[in-house]
Colleague: 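Got a structure for you, written out below as C-alpha cells; questions coming shortly.
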Amino acid sequence: MSDRLAIVVPCYNEQEVLPATVETLCSVLKQLSGNGKIAPDSFVLFVDDGSRDDTWKLLCGYHESNALVWAQKLSKNCGHQSALLSGLMTAMKYADMSVSIDADLQDDVSVIESMVDQYREGCEIVYGIRGSRKKDSFFKRSTAQGFYRLLSAMGVKTIYNHADFRLMSRRAMEELSRYSETNLYLRGLIPLLGLKTGEVVYERGERQAGESKYPLKKMLALALNGITSFSIKPIRLVTVAGLLVLVICFAAAVYALIAYFNNDVERGWTSTILSIWFLGGVQLLAIGIIGEYIGKIYNEVKRRPLYHIETLLDQPDVK
Ligand code: UDP
Ligand code: MG
C-alpha cells in the first residue's frame, strides 16, 4: 500500500486562479495514484486564509463534487506562513506526507512526482529550488536574491532560492509541530529539523491568474521576520559600533590634546569634543551589552526544541 499524500495550498482571495489550481492538482494526484506512487485516497487540502472574495464558496462547491478536495477555513486573514502551518498541522493527522504549494501555480507541479520518488527513497524533506527566475519581474528577483544574501550574512541557515514549495514526511511535520513560534518563518525553521533532505530544481512560471498577494509591505515584513527571528547579529553590530566609536574617541583624544597643547583651539573645545565621542561610545556599548541579554531572553522565550532524535534503537525484537 502506497503512502497518502496531502497537497497543502494556502489561498487568500484566489477566486480567479482556483478553478485552474483544482484541476491541475487533482490531475497530479490522479496520475501519481495511477502509477501506484501514492495512495488513492490522497487529497488536496486548501486553506482559506480569511479570503474576502468567493474563494470559500468555490471551495465548498469543489468539496461537494470532488472527493479529492478538502478545505479548511481560517476565521480571519492570518498570513501565508500561519495559513500554511495550519494546513500542515491538519495534513499531519491524515496523511503520510505533504507537499506545500502556492495557489497561483507558479511552481512547477510536474516535479511533485520526483519529490514523491525521493520520499520513497527515504528523504523526509524535499525542497523545490527555483532554477532561474526569468519569469519574475526584475524587482522581485533582485530583492529576493538580495534578501537571501543578507540572511546568510546574518548567519541564518536557509536554502537558496527555495520558497515554500516542499515535501515533508509526517515525521518532519511532527518535528515541526514541536516549535511554538509566533513569528513564523517556515523557511528558516525547516532546515533546523536536520532530517534527511533532497532537492528538485524547477523553472518558476508566471502567476496563472489574479494578482500577487504579497505586496511590498508583506514582503518586507516577511524579510524582517526572517532576520529577527533567527539572528541576534544586528544586536551584536551595535556592540561592535560602540567599540568602534571608542577607538575613534581614542584617536580624537590624541588629536585634541595635541591641538590643546599647541594652543590653537578655542577654550572648551577639547573637553566638549572628547566627552561627545566618549559618551557616545560608552552608550552604544552599554546598549549592545543590554541587547546581548535581550537576545538571550528572546531565544529562551521561543522554547525551541533542543534536539530532534534521528534514530532510537530500543529493546530488540525477540522473535
Ligand atoms: N497567501 C495567503 N495569505 C496571505 C497572503 C498570501 O494564504 O495573507 C497565499 C496566496 O494565496 C498564495 C501564496 O500565499 O497561495 C503566495 O502568494 P503569492 O503567490 O501572491 O505571492 P508571490 O508569488 O507574489 O510572492
Ligand atoms: Mg505567487
Colleague: Is the count of non-hydrogen atoms from other residues, nucleotides or ligands lying under 6.0 Å from Glu174 atom CD greater than 12?
Modeller: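 Buried by this count: over 12 neighbours within 6.0 Å.
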
Colleague: What I want to find out is whether Glu175 reaches Arg178 closely enough, with some N-O distance under 4.0 Å, to be called a salt bridge.
Modeller: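 Arg178 and Glu175: salt-bridged.
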
Colleague: For Tyr293, give me all partners under side-chain contact (heavy atoms from CB on, under 4.5 Å), at least two apart in sequence or on another chain.
Modeller: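 Scan of Tyr293 (side-chain contact (heavy atoms from CB on, under 4.5 Å), adjacent residues dropped) gives Ile289.
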
Colleague: Are any of the side-chain heavy atoms of Lys213 and Glu14 separated by less than 4.5 Å?
Modeller: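 In short, these two side chains touch, coming nearer than 4.5 Å.
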
Colleague: List the atom of Val265, the atom of Ala259, and the distance in Å for their closest heavy-atom pair.
Modeller: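 That closest heavy-atom pairing would be CG1-CB, 3.6 Å.
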
Colleague: Do Gln208 and Glu16 meet the criterion of a side-chain donor-acceptor pair at a distance under 3.5 Å?
Modeller: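 Note: Gln208 and Glu16 side chains miss the donor-acceptor criterion.
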
Colleague: May I ask whether Met168 and Ile101 are part of the same hydrophobic cluster, defined by side-chain heavy atoms of I, L, V, M, F, W, Y residues being less than 4.5 angstrom apart, directly or through others?
Modeller: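 Per the 4.5 Å side-chain linkage, Met168 and Ile101 are not co-clustered.
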
Colleague: Is any NZ, NE, NH1 or NH2 atom of the basic residue among Arg204 and Asp108 found under 4.0 Å from an Asp or Glu carboxylate oxygen of the other?
Modeller: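 Judged by the 4.0 Å cut-off on N to carboxylate O distance, Arg204 and Asp108 do not form a salt bridge.
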
Colleague: For residues Asp117 and Ser114, is any side-chain donor paired with an opposing acceptor at under 3.5 Å?
Modeller: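 No, no side-chain donor-acceptor contact under 3.5 Å.
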
Colleague: With a sphere of 6.0 Å drawn around NZ of Lys218, does it hold more than 12 non-hydrogen atoms of other residues, nucleotides or ligands?
Modeller: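 Result for NZ/Lys218: enclosed.
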
Colleague: Is the count of non-hydrogen atoms from other residues, nucleotides or ligands lying under 6.0 Å from Tyr255 atom OH greater than 12?
Modeller: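 No, the 6.0 Å shell around OH holds no more than 12 heavy atoms from other groups.
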
Colleague: Looking at Val201 and Val111, what are the two nearest heavy atoms and their distance?
Modeller: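 In this case the closest contact between Val201 and Val111 is O-CG1, 4.2 Å.
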
Colleague: Quick one: closest heavy-atom pair of Gly198 and Cys123, and the distance?
Modeller: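 Nearest heavy atoms, Gly198 then Cys123: N-SG, 3.8 Å.
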
Colleague: Of the non-hydrogen atoms in Tyr148 and Ala163, which two are nearest, and what is the gap between them?
Modeller: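 Scanning both residues completely, I find the closest heavy atoms to be OH-N, 4.4 Å.
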
Colleague: If Ile, Leu, Val, Met, Phe, Trp and Tyr residues are connected whenever their side-chain heavy atoms lie under 4.5 Å apart, and connections chain through other members, are Val109 and Ile38 in the same group?
Modeller: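 Cluster IDs for Val109 and Ile38 match.
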
Colleague: Would you say that Pro19 contacts Tyr62 through its side chain, given a criterion of any heavy-atom pair below 4.5 Å between the two side chains?
Modeller: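 Of all side-chain heavy-atom pairs linking Tyr62 with Pro19, at least one is under 4.5 Å.
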
Colleague: Report the residues that fulfil ring-ring contact (aromatic ring centres under 6.0 Å, His included) with Tyr214, sequence neighbours left out, ordered by chain and then residue number.
Modeller: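 Listed in chain order: His80.
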
Colleague: Looking only at atom types and distance, does a side-chain atom of Asp53 sit under 3.5 Å from a main-chain N or O of Gln15, one as donor and one as acceptor?
Modeller: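 Yes; at least one donor-acceptor contact below 3.5 Å.
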
Colleague: Restricting to side-chain contact (heavy atoms from CB on, under 4.5 Å), what partner residues turn up for Glu211, sequence neighbours left out?
Modeller: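 In terms of side-chain contact (heavy atoms from CB on, under 4.5 Å), with neighbours along the sequence ignored, Glu211 is linked to no residue.
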
Colleague: Closer than 3.5 angstrom, by distance alone: can the side chain of Lys37 be matched with the main-chain N or O of Gln31 as a donor-acceptor pair?
Modeller: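 It does not hold such a pair.
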
Colleague: Who passes ring-ring contact (aromatic ring centres under 6.0 Å, His included) against Phe147, sequence neighbours left out?
Modeller: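 Testing Phe147 for ring-ring contact (aromatic ring centres under 6.0 Å, His included), a comparison that skips the adjacent residues, returns none.
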
Colleague: Under 4.5 Å between any side-chain heavy atoms of Cys11 and Val47, yes or no?
Modeller: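 Contact flag for Cys11/Val47 side chains = no.
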
Colleague: Are side-chain heavy atoms of Phe230 and Leu151 found at a separation under 4.5 Å?
Modeller: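 No, their side chains stay 4.5 Å or more apart.
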
Colleague: So, Arg4 and Asp96, do they make that salt bridge, N to O below 4.0 Å?
Modeller: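 Here Arg4 does not pair with Asp96 in a salt bridge, since their nearest N and O are not under 4.0 Å apart.
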
Colleague: Give a yes or no on whether the backbone of Ser51 and the side-chain of Thr55 come within a donor-acceptor separation of less than 3.5 Å.
Modeller: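 A pair under 3.5 Å: no.
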
Colleague: According to the ring-ring contact (aromatic ring centres under 6.0 Å, His included) rule, which pairs have a member within residues 83-138, sequence neighbours left out?
Modeller: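 Those involving residues 83-138 are Trp70-Tyr94, Tyr127-His162.
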
Colleague: Taking all non-hydrogen atoms of both residues, which atom of Ala39 and which atom of Ser2 are closest, and how far apart?
Modeller: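 Of all heavy-atom pairs spanning Ala39 and Ser2, the closest is CB-O, 3.5 Å.
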
Colleague: Name all residues meeting the ring-ring contact (aromatic ring centres under 6.0 Å, His included) criterion together with Tyr260; count only those two or more places apart in sequence or in a different chain, and write none if there are none.
Modeller: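 Expected list: none.
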
Colleague: Return yes if some donor-acceptor pair links the side-chain N/O of Asn77 with the main-chain N/O of Gly50 below 3.5 Å, else return no.
Modeller: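 No: the side chain of Asn77 does not pair with the backbone of Gly50.
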
Colleague: Using a 4.5 Å cut-off on heavy atoms from C-beta on, say whether the side chain of Asn66 contacts that of Cys26.
Modeller: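 The answer is yes; the side chains approach within 4.5 Å.
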
Colleague: Please report, to 0.1 Å, the donor-acceptor pairs under 3.5 Å made by any side chain of residues 232-254, with sequence neighbours excluded.
Modeller:
residue: Lys233; atom: NZ; partner: Ala153; partner atom: O; Å: 3.3
residue: Arg236; atom: NE; partner: Glu292; partner atom: OE2; Å: 2.9
residue: Arg236; atom: NH2; partner: Glu292; partner atom: OE1; Å: 3.0

Colleague: Decide yes or no on side chain to side chain contact (heavy atoms under 4.5 Å, CB included) for Arg303 and Tyr179, but give the supporting numbers first.
Modeller: CA-CA 7 Å; Arg303 299 219 157 269; Tyr179 289 76; over 6 Å; no

Colleague: Under the side chain to side chain donor-acceptor pair (under 3.5 Å) rule, collect the residues that match up with Thr270, sequence neighbours excluded.
Modeller: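 Side chain to side chain donor-acceptor pair (under 3.5 Å) check on Thr270 returns nothing, list empty.
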
Colleague: Treat each ILVMFWY residue as a node, draw an edge where side-chain heavy atoms are under 4.5 Å apart, and state whether Phe46 and Leu84 are in one component.
Modeller: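 No, because Phe46 and Leu84 fall into different hydrophobic clusters, even though each may have its own neighbours under 4.5 Å.
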
Colleague: Flag the pair Glu199 and Arg166 as a salt bridge only when some basic side-chain nitrogen lies within less than 4.0 angstrom of an acidic carboxylate oxygen.
Modeller: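 So Glu199 does not pair with Arg166 through a salt bridge.
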
Colleague: Does this structure show an ion pair linking Glu124 with Lys196, if we count only N-O contacts that are shorter than 4.0 Å?
Modeller: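 No salt bridge links Glu124 with Lys196.
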
Colleague: Can Leu74 be reached from Val9 by stepping across I, L, V, M, F, W or Y side chains whose heavy atoms are under 4.5 Å apart?
Modeller: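 Val9 does not cluster with Leu74.
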
Colleague: Which distance, rounded to the nearest 0.5 Å, do you find between the CD of Glu300 and the CD1 of Ile297?
Modeller: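 Answer rounded to 0.5 Å: 9.0 Å.
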
Colleague: Measure the shortest side-chain to side-chain distance between Ile112 and Leu167 over non-hydrogen atoms and say whether it is less than 4.5 angstrom.
Modeller: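 When only atoms from C-beta onward are counted, Leu167 and Ile112 do not touch, as no gap falls below 4.5 Å.
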
Colleague: ring-ring contact (aromatic ring centres under 6.0 Å, His included): which pairs involve residues 188-211, sequence neighbours left out?
Modeller: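 Only Phe165-Tyr202 qualify under ring-ring contact (aromatic ring centres under 6.0 Å, His included).
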
Colleague: Would you give the length of the straight line joining atom CE of Met115 to atom OG of Ser110, rounded to the nearest 0.5 angstrom?
Modeller: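 The CE atom of Met115 sits 10.0 Å away from the OG atom of Ser110.
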
Colleague: Side chains of Gln72 and Thr90 only: does a donor on one sit below 3.5 Å from an acceptor on the other?
Modeller: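 There is such a pair between these side chains.
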
Colleague: Quick one: does Ser231's side chain have a donor or acceptor within less than 3.5 Å of a partner on Met154's backbone?
Modeller: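 A pair under 3.5 Å: yes.
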
Colleague: Can you name the closest pair of heavy atoms from Ser33 and Pro40 and give their distance?
Modeller: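 So the minimum-distance heavy-atom pair works out to CB-CA, 3.9 Å.
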
Colleague: Could you tell me whether the side chain of Ser177 reaches within less than 4.5 Å of the side chain of Met89, counting heavy atoms only?
Modeller: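 Sidechains of Ser177 and Met89: in contact.
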
Colleague: Ile129 and Ile159: side chain to side chain contact (heavy atoms under 4.5 Å, CB included), yes or no, with the steps?
Modeller: CA-CA 8 Å; Ile129 309 279; Ile159 311 292; 3.4 Å; yes

Colleague: Any donor and acceptor pair, going by atom type alone, linking the side chain of Asp104 with main-chain N or O of Gln106 inside 3.5 Å?
Modeller: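 Yes, because the side chain of Asp104 sits within donor-acceptor range (under 3.5 Å) of the backbone of Gln106.
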
Colleague: Less than 4.5 Å apart, any side-chain heavy atom of Trp56 and any of Leu58?
Modeller: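 The answer is no; the side chains never approach within 4.5 Å.
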
Colleague: Would a single hydrophobic cluster contain both Leu25 and Val8, if residues Ile, Leu, Val, Met, Phe, Trp and Tyr are joined by side-chain heavy-atom contacts under 4.5 Å?
Modeller: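 Shared cluster, no.
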
Colleague: What residue pairs, at least two apart or across chains, pass ring-ring contact (aromatic ring centres under 6.0 Å, His included) with a residue in residues 6-29?
Modeller: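 Not a single pair qualifies under ring-ring contact (aromatic ring centres under 6.0 Å, His included).
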
Colleague: Can you confirm whether Lys157 is buried at NZ, in the sense that more than 12 heavy atoms of other residues, nucleotides or ligands lie under 6.0 Å from that atom?
Modeller: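 Result for NZ/Lys157: open.
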
Colleague: With a 3.5 Å cut-off and sequence neighbours excluded, list the donor-acceptor pairs that the side chains of residues 272-280 form with protein atoms.
Modeller:
residue: Thr272; atom: OG1; partner: Gly268; partner atom: O; Å: 2.5
residue: Ser275; atom: OG; partner: Ser271; partner atom: O; Å: 2.6
residue: Ser275; atom: OG; partner: Thr272; partner atom: O; Å: 3.1

Colleague: Report all side-chain donor-acceptor pairs from residues 181-194 shorter than 3.5 Å, counting only partners two or more places apart or in another chain.
Modeller:
residue: Glu181; atom: OE1; partner: Arg304; partner atom: NH2; Å: 3.4
residue: Glu181; atom: OE2; partner: Arg304; partner atom: NE; Å: 2.3
residue: Glu181; atom: OE2; partner: Arg304; partner atom: NH2; Å: 3.1
residue: Arg187; atom: NE; partner: Asp164; partner atom: OD2; Å: 3.3
residue: Arg187; atom: NH2; partner: Asp164; partner atom: OD2; Å: 3.2

